[in-house]
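Here's the structure we're looking at; comments come further down.
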Amino acid sequence: MSALVRGPAGRAVVLVLLVLAVLGCGRDERSVRGIVIEVQGTDPATVTAFALRTDEGERLDFSVGQLDLGGGAFPAAHLREHMVSASPIEVHFRFEAGQRIAYRLVDAP
């Protein structure tokens with residue numbers, strides 16, 4: 001047995017890593033930072049999609065999913081203000097059927 005996994009503490013670390021690996025299976029969650037360059041919606045209060053120019057200069061398109069608004073996150077309608085002010089945001093998203101679905105929007109650090 002490896003010296004890293006010997007004893008109860010080592011086995012506990014391995015167990016925690018295995019649990020985290022299993023919980024993470026099937027989830028492709030990521031985050032990216034950038035400037036909002038386009039907002040789509042049916043009216044000023046409704047946003048269904050938006051585009052972001054990343055810090056690396058890449059354009060990424062997002063659909064707006066069910067948003068987590070806790071802990072300083074903001075609603076999708078606020079994206080219009082960020083587009084006008086060119087204030088960077090951080091988008092937390094997952095891939096669903098090949099599309100980026102935003103689930104959390106926050107001011108970038």
Side-chain angles (χ1 to χ4, degrees):
M1 186 181 286
S2 168
L4 294 175
V5 233
R6 286 192 189 143
R11 286 190 290 277
V13 168
V14 169
L15 180 60
V16 167
L17 291 174
L18 286 172
V19 168
L20 291 175
V22 169
L23 290 176
C25 286
R27 298 188 115 180
D28 189 10
E29 296 180 349
R30 303 177 187 186
S31 64
V32 65
R33 176 189 145 96
I35 303 293
V36 179
I37 57 172
E38 183 181 324
V39 176
Q40 299 172 11
T42 55
D43 57 63
T46 305
V47 174
T48 56
F50 65 97
L52 192 76
R53 175 85 54 218
T54 69
D55 290 345
E56 292 76 30
E58 181 180 11
R59 177 194 168 109
L60 299 178
D61 295 308
F62 296 89
S63 292
V64 177
Q66 180 70 33
L67 292 177
D68 169 6
L69 298 177
F74 56 79
H78 186 64
L79 288 168
R80 295 181 195 283
E81 291 178 41
H82 277 271
M83 184 173 70
V84 171
S85 68
S87 301
I89 66 167
E90 185 173 275
V91 180
H92 296 260
F93 66 98
R94 63 181 57 93
F95 282 100
E96 293 179 15
Q99 287 189 310
R100 290 178 195 89
I101 308 296
Y103 67 87
R104 184 169 170 77
L105 307 169
V106 295
D107 294 322

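Identified under the salt bridge (charged side-chain N to carboxylate O under 4.0 Å, His left out) test for residues 63-73, with sequence neighbours left out: Asp68-Arg104. Judged as a salt bridge (charged side-chain N to carboxylate O under 4.0 Å, His left out), the pairs with a partner in residues 49-60 (not counting sequence neighbours) are, in order, Arg33-Asp55, Glu38-Arg59, Arg59-Asp61. Legend: ring pair (Phe, Tyr, Trp, His ring centres under 6.0 Å) pairs involving residues 36-55, not counting sequence neighbours, sorted by first then second residue: Phe50-Phe62.
Every residue meeting the side-chain hydrogen bond (donor to acceptor under 3.5 Å, both in side chains) condition with Thr46, not counting sequence neighbours, appears here in chain and number order: Asp43. Listed by chain and number, the residues in a salt bridge (charged side-chain N to carboxylate O under 4.0 Å, His left out) with Arg80 amount to none (sequence neighbours excluded).
Both Leu79 and Leu67 are part of a single hydrophobic cluster, where members link through side-chain heavy atoms under 4.5 Å apart. Val36 and Tyr103 fall into different hydrophobic clusters, where Ile, Leu, Val, Met, Phe, Trp and Tyr are joined by side-chain heavy atoms under 4.5 Å apart, directly or via other members. A chain of hydrophobic side-chain contacts below 4.5 Å, direct or via other Ile, Leu, Val, Met, Phe, Trp or Tyr residues, connects Phe74 to Val32. Leu69 is not connected to Ile101 by any chain of hydrophobic side-chain contacts under 4.5 Å among Ile, Leu, Val, Met, Phe, Trp and Tyr, and they are in different clusters.
Counting side-chain heavy-atom gaps under 4.5 Å among Ile, Leu, Val, Met, Phe, Trp and Tyr, Val106 is found in no cluster with other residues. Ile37 belongs to no hydrophobic cluster with other residues, because no ILVMFWY side-chain heavy atom falls under 4.5 Å from its own, directly or through intermediates.
Of all heavy-atom pairs spanning Pro44 and Ala77, the tightest one is O-CB, 4.1 Å. In this structure, Ala76 and Val64 approach most closely via the heavy-atom pair CB-CG1, 4.0 Å.
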Exercise for review: Would you sort out whether His82 and Asp107 count as a side chain to side chain contact (heavy atoms under 4.5 Å, CB included), showing the intermediate values?
Suggested key: CA-CA 9 Å; His82 277 271; Asp107 294 322; 2.9 Å; yes
Would you mind writing out the side-chain donor-acceptor pairs for residues 83-93 within the sub-3.5 Å range, not counting sequence neighbours?
residue: Ser85; atom: OG; partner: Glu81; partner atom: O; Å: 3.0
residue: Ser85; atom: OG; partner: Ser87; partner atom: N; Å: 3.3
residue: Ser85; atom: OG; partner: Ser87; partner atom: OG; Å: 2.8
residue: Glu90; atom: OE2; partner: His92; partner atom: NE2; Å: 2.9

